[in-house]
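We use all heavy atoms of the structure for the numbers below, so side chains are in, but hydrogens, waters and symmetry mates are not.
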Amino acid sequence: MQFYLAEGNVGEDTTREQVDNVIALLIQKGWKVEYGVKKNKAEDVTEFGREEEIQDAFSKDFMTCVEILGL
């Protein structure tokens, strides 16, 4: 799946640099993430019907990255 993150996804007072750091960590974990405000979307046929499961796993990694960076 392709995920998009912007300041509003991370926190009220978050900077672009902080978002970029979260994105970098998520990419290191194997996620396809870009800066932006778009709807996350399945890109591969194997992902269709599993979007919720994939988004739950992404959310866990996202929260871990936010905690690591102290945001």
Side-chain angles (χ1 to χ4, degrees):
M1 283 188 74
Q2 177 66 52
F3 292 92
Y4 298 92
L5 289 178
E7 291 84 353
N9 300 111
V10 180
E12 193 174 299
D13 296 324
T14 305
T15 65
R16 170 69 189 261
E17 182 180 357
Q18 290 170 317
V19 173
D20 288 340
N21 291 335
V22 173
I23 290 171
L25 285 176
L26 288 165
I27 290 171
Q28 287 178 7
K29 290 182 168 285
W31 295 103
K32 285 184 71 176
V33 189
E34 292 181 21
Y35 179 83
V37 181
K38 297 180 183 179
K39 185 175 179 178
N40 300 328
K41 61 182 177 181
E43 293 189 313
D44 188 272
V45 71
T46 62
E47 298 170 339
F48 296 124
R50 298 181 48 232
E51 291 93 347
E52 188 173 331
E53 173 189 343
I54 295 167
Q55 289 177 357
D56 287 347
F58 177 83
S59 293
K60 289 178 185 176
D61 279 348
F62 169 77
M63 292 306 293
T64 299
C65 292
V66 168
E67 288 176 22
I68 287 170
L69 295 171
L71 303 174

Rounded to the nearest 0.5 Å, how far apart are [atom1] of [X] and [atom2] of [Y]?
X	Y	atom1	atom2	value
Ile68	Leu25	CD1	CG	6.0 Å
Phe62	Ile23	CZ	CD1	9.5 Å
Glu43	Thr46	CD	OG1	11.0 Å
Leu71	Met63	CG	CE	10.5 Å
Gln28	Leu26	CD	CG	9.5 Å
Lys32	Tyr4	NZ	OH	8.0 Å

Quiz item: Does Phe3 belong to the same Ile/Leu/Val/Met/Phe/Trp/Tyr cluster as Val37, with side-chain heavy atoms less than 4.5 Å apart forming each link?
Solution: no
Exercise. Verify the cluster assignment for Met1 and Val45: are they in a single hydrophobic cluster under the rule of side-chain heavy atoms below 4.5 Å apart?
Key: no
Quiz prompt | Any donor-acceptor pair under 3.5 Å from Glu53 side chain to Arg50 backbone | solution = no
Self-check item: Sub-4.5 Å side-chain heavy-atom contact between Ile54 and Glu47
Solution: yes
Self-check item: Nearest heavy atoms of Lys29 and Asp61, plus distance in Å
Solution: CD-CG, 3.8 Å
Practice problem: Name the orientation class of the two ring planes belonging to Phe58 and Trp31 (parallel below 30°, tilted from 30 to 60°, perpendicular beyond 60°). | Solution: perpendicular
Quiz item: Got a sec, which pairs hit salt bridge (charged side-chain N to carboxylate O under 4.0 Å, His left out) with one end in residues 1-21, sequence neighbours left out?
Solution: Arg16-Asp20
Quiz prompt | Partner of Tyr35 by side-chain contact (heavy atoms from CB on, under 4.5 Å), out of Val22, Leu5, Val19 | solution = Val19
